[in-house]
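Throughout, a chain's letter reflects where its sequence line sits, starting with A, and its residues are numbered from 1. These numbers come from the heavy atoms of this one structure, side chains and all, not from hydrogens, waters or symmetry mates.
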Amino acid sequence: MAKNFSSREEDYSKWYNDLVIKAGLAENSAVRGCMVIKPYGYAIWEKMQRALDDMFKATGHQNAYFPLFIPKSFFSKEAAHVEGFAKECAVVTHYRLKNSPDGKGVVVDEEARLEEELIIRPTSETIIWDTYRNWIQSYRDLPLLVNQWANVVRWEMRTRLFLRTAEFLWQEGHTAHATRDEAIAETEQMLRVYATFAEQWMALPVLQGIKSPNERFAGAVETYCIEALMQDGKALQAGTSHFLGQNFARAFDVKFLNKSNELEHVWATSWGVSTRLMGALVMAHSDDNGLVLPPKLAPLQVVIVPIYKKVEQLDEIAVVARSIMDDLRARGISVKFDDDDSQKPGWKFNEYEFKGVPVRLAIGPRDIENGTVEVARRDTLEKEVLQLTDIGHKIQHLLENIQDNLYQKALTFRDASTHKADSWQEFNDILDQRGGFVLAHWDGSPETEQLIKEETKATIRLIPLNAREEKGVCIRTGKPSERRVVFARAY
RNA sequence: CGGGGUAUAGCGUAGUCCGGUUAGCGCGCCUGCUUUGGGAGCAGGAGGUCGUAAGUUCGAAUCUUACUACCCCGACCA
């Protein structure tokens, strides 16, 4: 399965594509730009969902579900919003098919044209705010803290599995608040939730900050984001949290009576992460031997491979394996005993390695004799022989160790790939030779950002939260600047 | 959406330029025996309307046209 697998060095983007397909995470479908997420990939997504959903609930949010279709007229109510999404909307115009006159297949029934065309949601702000108008009358109805897990469609020109697909899965939180400060606090809180999830579950260090006006969400007052660095030195936006001000409340006429009996527009936020995180996970940790998954998100955390010649030996091994499995499962660790006789151990070693299973145990006749087990860890590919005594505890500890190691490794890589640039020459050299994050001064104008993007393909990934004041001059124009911002070439 | 490329068995491919036996090979799959501490060996076997649709021709995987999908490079974007 892993034969003919490209290395990162040879062709990073082919490596990524091969890995996603050959490890059974996803594949392209019969529909252009849309992927099929396969069971192994979906199992990882389910673990992500579970962890995030628990964090949303713990911060007081509830799940709900809004329609896939949005009346076209809703879209035009918020000017910046329609401007941002109009070019990539799928539109439903008819509701019926009929047999083709020539008898071959079916055609759209032109008589069944919709009176008002429907947009397939690229995001749900409009339908949600149209709904919230009826839910909110008083300050007592606030805050309104709702999340939905859904699919959305953005008609992308060029797609890549998980990183950019026409249809993708995500969650979108939509909250309403009585005050500006409370809405901003919510926006920042959810950004921290995302950062915590990325770091503690995905073992992925992220920068936190706000987007420049050019990169801001269509309809937002401020867009906060977490940004991660991939192994090829390109940045990837891993999550966004938007302070929407009163833009959507005004567009959809959502008002509430405050304690002084005055009518006010509510303050809004929205925030989301998508199946794009799957792409980030793959690109952050995996190597030329295949996937490397952090234990907390691995569908299977431990696999036990028996090594035997005779059936009687397998029986002996199975007894030991079952006792290890009981121990691990009692600790909440997922484990599989692969006693499939149709594949040899060597084949299984490679297979589980390719699929990124964090820990592999091998038990053979020698181990039975000595009361030992061979333990192999996926992140470093190291093997050691351990006594069976207290094995559950040792493996639990090892899994925690792997989780930490992956994070540290990614953090070390990011730190080594982050550079300051103080001249235009230096800026270009870093981008061309090393990639990574470049900390540089910018004069704050959208025009300069656009110019830099056109000349270098690098964009401002974020302006760090609580950025240290540091006087300097813009890397491109030489105009004065108050602080450094983070540039990178990005996915 | 513009430029370039690709499409032959589950996967990878030969054959296409220059039309002509039964479309070949490797991996995988099925059966049997031997094997099993890093992708096993031998023997036998199954599996193809050559991406789709038209056209040219006595004859099309091969030539022509259109369409579809995927890959690379741009523009756009989570």
Could you tell me how far apart A/Arg32 (CZ) and B/C67 (P) are, to the nearest whole angstrom?
12 Å

Which part of the nucleic acid, if any, lies within reach of A/Gly279 when heavy atoms closer than 4.0 Å are counted: base, sugar-phosphate only, or nothing?
nothing

Does the side chain of A/Glu117 pick up a donor-acceptor pair with the side chain of A/His94 at under 3.5 Å?
no

Side chain of A/Lys344, heavy atoms from C-beta onward: which of B/C71, B/A40, B/G39 has the nearest atom to it?
B/A40

Nucleotide opposite B/C27 in a Watson-Crick or G-U pair, distances under 3.5 Å:
B/G10

Regarding A/Asp53 and A/Trp149, do their side chains bring together a donor and an acceptor under 3.5 Å, going by distance alone?
yes

Return the residues of residues 226-245 of chain A meeting this criterion: a heavy atom under 4.0 Å from some atom of RNA chain B. Order them by number, or give none.
A/Gln237

In terms of side-chain heavy atoms, does A/Gln313 have a donor or acceptor partner in A/Glu316 at a distance below 3.5 Å?
no

Applying a 3.5 Å limit to both distances, which nucleotide forms a Watson-Crick or G-U wobble pair with B/A40?
B/U34

What is the separation between atom CE on A/Met157 and atom C1' on B/C1, rounded to the nearest whole Å?
6 Å

If you measure from the C1' atom in B/C50 to the same atom in B/A9, how many Å do you get, rounded?
10 Å

Quantified in whole Å, what is the C1' atom distance between nucleotide B/U57 and nucleotide B/C1?
38 Å

Is the distance from OP1 or OP2 of B/G37 to the nearest side-chain N or O of A/Lys348 less than 4.0 Å?
no

Does B/C67 pair with anything, Watson-Crick or G-U wobble, both distances under 3.5 Å, and if so, with which nucleotide?
B/G51

Polar pair under 3.5 Å, donor/acceptor by atom type, side chain A/Gln343, base B/G39:
no

Is the phosphate of B/C73 approached by A/Arg158 (side-chain N or O, under 4.0 Å from OP1 or OP2)?
yes

Of the candidate nucleotides B/G74, B/U36, B/G39, which contains the atom at the shortest distance from the side chain of A/Lys457?
B/G74

P gap between B/G20 and B/C30, integer Å
36 Å

Report the residue (A/Arg160 or A/Ala166) whose heavy-atom-nearest nucleotide on RNA chain B is the more 5′ of the two.
A/Arg160

Considering only atom C1', compute the distance from B/C11 to B/G47 and round it to an integer number of Å.
13 Å

Figure out the OH/P separation between A/Tyr308 and B/G38, and round it to whole Å.
15 Å

Quick check for you: among B/U36, B/G39, B/G38, whose closest atom lies nearest to any side-chain atom of A/Pro345?
B/U36

Side chains of A/His242 and A/Thr223 only: does a donor on one sit below 3.5 Å from an acceptor on the other?
yes

Return the pairing partner of B/C76 with a 3.5 Å limit on both distances, Watson-Crick or G-U wobble; otherwise return none.
none

Rounded distance in Å between the P positions of B/A53 and B/A61
13 Å

In whole Å, what separates the C1' atom of B/G28 from that of B/G45?
14 Å

Please give the distance between the C1' atoms of B/U21 and B/C67 as a whole number of Å.
33 Å

Assess whether atom NZ of A/Lys72 is packed by more than 12 heavy atoms of other residues, nucleotides or ligands within 6.0 Å.
no

In whole Å, measure the gap between the C1' atoms of B/U65 and B/C58 for me.
23 Å

Please classify the nucleic acid contact of A/Ser29 as base, sugar-phosphate, or nothing, using heavy-atom distances under 4.0 Å.
nothing

Rounding to an integer number of Å, can you tell me how far A/Glu156 CD sits from B/C76 P?
12 Å

Rounded distance in Å - CZ (A/Phe349) to P (B/A40)
11 Å

In this structure, how many angstroms lie between the C1' atom of B/C11 and the CG atom of A/Asp18, rounded?
12 Å

For A/Glu125 and A/Ser270, does a side-chain donor sit closer than 3.5 Å to a side-chain acceptor?
yes

What are the residues of residues 357-370 of chain A, sorted by number, that bring a heavy atom to within less than 4.0 Å of RNA chain B?
A/Arg360, A/Ala362, A/Gly364, A/Pro365, A/Arg366, A/Asp367

For the pair made of CD1 in A/Ile307 and P in B/G38, what is the distance, rounded to whole Å?
7 Å

Is any side-chain N of the basic residue among A/Asp327 and A/Arg322 closer than 4.0 Å to the acidic one's carboxylate O?
no

Using atom CD of A/Gln313 as one end and atom P of B/U35 as the other, report the distance to the nearest whole Å.
12 Å

For a quick test of reading the model: is some side-chain N or O of A/Lys309 closer than 4.0 Å to OP1 or OP2 of B/G37?
no

Sort out the partner of B/A46 for me: Watson-Crick or G-U wobble, both distances under 3.5 Å, none otherwise.
none

With a 3.5 Å cut-off and no angle check, do the side chains of A/Ser342 and A/Asp340 form a donor-acceptor pair?
yes

Under a plain distance cut-off of 3.5 Å, with no hydrogens placed, do A/Asn147 and A/Gln171 share a side-chain donor-acceptor pair?
yes

Which base sits across from B/G20 as a Watson-Crick or G-U pair, both distances under 3.5 Å?
B/C58

With respect to A/Arg216, which candidate in A/Glu449, A/Glu222, A/Glu83 satisfies the salt bridge (Lys or Arg N to Asp or Glu O under 4.0 Å) definition?
A/Glu222

Taking the nucleotide of RNA chain B with the closest heavy atom to each, which residue, A/Lys310 or A/Tyr491, is nearer the 5' end?
A/Lys310

More than 12 heavy atoms of other residues, nucleotides or ligands under 6.0 Å from NZ of A/Lys98: yes or no?
yes

SB check A/Lys234 A/Asp232 (cutoff 4.0 Å):
no

